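This report refers to the structure that appears directly beneath it.
We name chains A, B, ... by the order of the sequence lines, and we start the count at 1 in each one. A quick note: this is a predicted structure, and the numbers were derived from the prediction, not measured.
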Amino acid sequence: MSRYARAFAEVLAPLVEAPAEELTPLIGAPPRPEMGQLAFPCFGLAKTRRTSPVAIATELVAQLAESTHNVAWIESVSAAGPYVNLHLCAAAVAAEVLPDVLAAGAAFGGSTHGGGRAVTVDYSSPNIAKSFGVHHLRSTVIGHALVGMLRAAGYRPVGINHLGDWGTQFGQLLAIWQDEGDEERLAKEGIDYLLELYVEFNRRKEEKPELQERARECFKSLEQGDAEARRLWALFRATSLREFERVYAMLGIEFDNTAGESFYEDKMPAVVEELESKGLLVESEGATVVDLEPYELGAALIRKADGSTLYLTRDLASAEWRHKTFDFARSLYVVGGAQALHFAQLKKVLELLGRDWHELVEHVPFGLMRFKDRKMSTRKGDIIRLEDVLLRAVKLARETIESGAEEKGRALPPDIDELAHRIGVGAVVFNDLKNRRQRDVVFDWNEVLSFEGETGPYLQYTAARIGSMIEKADAAPSAELHTELLVSEEELAVLLAVDGLPGCLLRALKACEPSIVADTLLDIAARFSTLYARRDADNRRDWQVLTDDPALSAARLGLASAVRTALVNGLGWLGVPVPDRM
RNA sequence: GCUCCCGUAGCUCAGUUGGAUAGAGCACCGGAUUUCUAAUCCGGCGGUCCCAGGUUCGAAUCCUGGCGGGAGCGCCA
């Protein structure tokens, strides 16, 4: 849409005596396609011209009819009340858009906008020693999508899994381990056992408050380098990581950096010293804090009363390290909205330290995942594992393939495992990405396991269908596209939707909002599906690629290929796998 | 108490920067397949855009005040 909104604005500019840049944002789409594809509202001109917007629209249409009668992409202009509506010429749009899309291929939609600048994306970041639950899905898939989108837009994304591998929780684990740690069980049961211990700790501390105290001491000895504590910590970490890797492999995620909080342990003193030397630290109730009360951000805790460090201390050190190491253009933290205050504090302290790059640090918050009927509590070990969700989706996808094959009397695809995997995982991932980040989501199996309507499998299916179309046509889109044969309103709608993808990526990136891409892909697929299923008056399929007219076939194949390219690329950015067929 | 997020069809959600008769999907009802994949398409049903004021030629959108839900506000992360 955008390239034609811009072009429309340029045509209007001399007539309304305003620069095209001011006009472009005013241009929208009429409510119904039969009214055209572009609309210019005349309300704003009414004041200066001292006539009604309706009269202005009529006049502009008359002038436009004269000045644009030989402009190829304009089919017609008409006045509708206070609006100037413009019909685009489908064939002319096709002649401009299709060659662009097909030439760009896998690069279509992307750009060099980022100029190779680094953007760190802190995402997923689960806590060691706890199962990887569905509630980690949000950060994981949003972050992964942002990484894909950044790469497509020409940035150098740095995916960082800031593992929760440090902190008081390890003190708790070590404390309970002293009572009943069992390395054999750990080797055999992995995280499940660690979770069990964690739950046990929380149960026991109710009756034995001194356990909490011991946990604090345990963490302190870990921080001070006690050999046995270190050994166990490394063991817990490695055990957990092994299980996380299974989930990441299923999702096709690889991080550039898995440093984790422990990595910054030796980098904290420098930050604390600098805070001290700049006079930012104050003692308060035994703890060491930065007073952010003047900024209405409360007190930022740097050191506990017992001298051990906190989350914020480590994030200061990590922000510093990331800036030094990657020289980022943006530094994104895909972390739940509940931690908004923490990141506001982080940015403010960086500012007070005189880091001029503090404004490049962005918290990318998202809504909480809640559970329908029950209250889930990790501390009680009540958790839905992400791995189980993915496996169940894959299983359902497989069953769907099987029953489909049976119904249609077809053989099972030889690569059914791979297909089921991509469809199942794709459904779960897309389901999470399609809604705006900030909304809270209620986990619902029915929704997660849905393959119909606005879902990942719908997009995959649309792409797969076109794939087999191309295969059957036994021809790549030819150099001769015969775009002059693409003349219908439905074809125009598809072309404009595809053409909007590059702009959509930049908008989505600016807002760190993958759902904008997801929405656009759904729009492209829906418009194409409408065209694909179009029927004539005799109820016969009206839009076929395989026809006895080679020119018509070439034109339609070109359009279909462009749609497939857009879908495959967009799904790729989002981290939704694309099956070859379905 | 203060702060942040959310509130649009029975359900889940879109809705550019303020623009025309507020749109999708699911569910429900009806229809479409001798022809490139029906995980699809077409039609119908369905609205106090949370409420009340205000700004504006024009408000789901901006402002103010409420209401409802979620979250945060010192030694967890």
How about A:H162 and A:S318: do any of their side-chain heavy atoms sit closer than 4.5 Å? yes
Just jot down the side chain to side chain donor-acceptor pair (under 3.5 Å) partners of A:K348, sequence neighbours excluded, or say none. A:E351
Go ahead and write out RNA chain B as dot-bracket, 5' to 3': ( ) for pairs within the strand, [ ] for ones crossing earlier pairs, | when the partner sits on another strand, dots for unpaired; Watson-Crick or G-U wobble, both distances under 3.5 Å. (((((((..((((.....[...)))).(((((.......))))).....(((((..]....))))))))))))....
Under the side chain to side chain donor-acceptor pair (under 3.5 Å) test, residues paired with A:E454 that sit two or more places apart: none
Mind checking side chain to side chain donor-acceptor pair (under 3.5 Å) for A:R398 and listing every partner two or more places apart, or none if nothing turns up? A:E402, A:D417
Please table the atom pairs, donor to acceptor, closer than 3.5 Å between any side-chain atom in residues 516-524 of chain A and protein atoms at least two apart or in another chain.
from   : atom 1 : to     : atom 2 : distance (Å)
A:T520 : OG1    : A:I516 : O      : 3.0
A:D523 : OD1    : A:R527 : NE     : 3.0
A:D523 : OD2    : A:R527 : NE     : 3.0

Under 3.5 Å, which donor-acceptor pairs link side chains of residues 284-295 of chain A to any protein atom two or more places apart or in another chain?
from   : atom 1 : to     : atom 2 : distance (Å)
A:T288 : OG1    : A:E283 : OE2    : 3.3
A:D291 : OD1    : A:E293 : N      : 3.0

Taken in chain and number order and not counting sequence neighbours, the residues that satisfy side chain to side chain donor-acceptor pair (under 3.5 Å) with A:K347 are none
A:R32 side chain, from C-beta outward: closest of B:U21, B:C75, B:A38: B:U21
Sugar-phosphate, base or nothing in reach of A:Q438, heavy atoms under 4.0 Å: sugar-phosphate
From CA spacing to verdict: side chain to side chain contact (heavy atoms under 4.5 Å, CB included), A:Q544, A:S553: CA-CA 8 Å; A:Q544 301 254 83; A:S553 290; over 6 Å; no
Going 5' to 3' through nucleotides 8-18 of chain B and flagging B where a protein heavy-atom sits under 4.0 Å of the base, S where only the sugar-phosphate is that close, and - otherwise, we get ----SSSS-B-
Sorted by number, the residues of residues 302-315 of chain A with heavy-atom contact under 4.0 Å to RNA chain B: A:K304, A:A305, A:L310, A:Y311, A:R314
Between the protein and nucleotides 59-62 of chain B, are there any N/O to N/O pairs under 3.5 Å, and if so, what are the atom names and distances?
none

Over all strands shown, is A:P365 touching base, sugar-phosphate only, or nothing at heavy-atom distances under 4.0 angstrom? nothing
Contacting residues from residues 535-543 of chain A, given that a heavy atom lies under 4.0 angstrom of RNA chain B: A:R535, A:N539, A:R540, A:R541, A:W543
Which residues pass the ring pair (Phe, Tyr, Trp, His ring centres under 6.0 Å) test with A:F8, not counting sequence neighbours? none
Hey, does A:L301 reach any base, or is it just sugar-phosphate, or nothing, if we go heavy atoms under 4.0 Å? base
